[in-house]
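Step one of this worksheet: look at the structure below.
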Amino acid sequence: MPKPDDRSDNVEHLQEAVHNTIENFREAKDYLYEHGDEISVAEKEQILEKNDRRKHSISGFREEIKDEAKHQQGE
């Protein structure tokens, strides 16, 4: 028998994902600041591109949190 769709903790999971993504973004930024002159241009570009994707993910997560909060309030 399939499990019922329990969305009660979705906001919590999404908020954790936002927190983790922000932490990864900051760590990558710090890494570039500290070691940017020691790594290749290609590696720098990869890190910058990944951080750009992280920014988009954070924005998407925040929209999902808003939608999920509305759903939980019964709107």
Side-chain angles (χ1 to χ4, degrees):
M1 183 169 164
K3 292 171 68 174
D5 185 18
D6 179 14
R7 298 170 58 157
S8 62
D9 61 353
N10 281 4
V11 171
E12 183 178 323
H13 287 288
L14 290 167
Q15 287 173 333
E16 185 176 336
V18 168
H19 174 76
N20 291 339
T21 305
I22 289 171
E23 185 66 27
N24 290 337
F25 177 88
R26 288 180 180 155
E27 287 177 8
K29 195 173 171 182
D30 290 345
Y31 179 82
L32 281 176
Y33 179 76
E34 293 175 20
H35 304 285
D37 57 346
E38 302 168 7
I39 60 176
S40 69
V41 172
E43 189 176 352
K44 284 182 197 178
E45 288 177 5
Q46 288 175 339
I47 292 169
L48 291 170
E49 289 171 2
K50 194 163 193 172
N51 265 3
D52 191 49
R53 290 191 299 272
R54 285 179 175 127
K55 285 184 207 177
H56 292 290
S57 293
I58 291 165
S59 177
F61 287 142
R62 288 181 172 154
E63 286 302 314
E64 285 186 59
I65 289 169
K66 288 178 191 175
D67 291 345
E68 197 61 40
K70 284 181 185 177
H71 175 77
Q72 287 180 3
Q73 292 175 354
E75 292 183 10

Legend entry - Other cluster members, L32 - Ile/Leu/Val/Met/Phe/Trp/Tyr, side-chain contacts below 4.5 Å: Y31, I39, I47, L48
Inset, instruction - Indicate if F25 and L14 have the same hydrophobic cluster label, given that clusters are the connected sets of ILVMFWY residues with side-chain heavy-atom separations under 4.5 angstrom. - result: no
[atom1]-[atom2] distance between [X] and [Y], expressed to the nearest 0.5 angstrom:
X	Y	atom1	atom2	answer
R62	T21	CZ	OG1	10.0 Å
R54	E49	CZ	CD	12.0 Å
E23	H19	CD	NE2	5.5 Å
N51	H56	CG	NE2	11.0 Å
E16	F61	CD	CZ	10.5 Å
S57	I22	OG	CD1	11.5 Å

Inset, instruction - Might you confirm whether atom NZ of K29 has over 12 heavy atoms from other residues, nucleotides or ligands at distances under 6.0 Å? - result: no
Inset, instruction - Please indicate whether Q15 has more than 12 foreign heavy atoms, meaning atoms of other residues, nucleotides or ligands, lying under 6.0 Å from its CD. - result: yes
Inset, instruction - Go through the side-chain N and O atoms of H35 and E38 and say whether any donor and acceptor fall under 3.5 Å apart. - result: yes
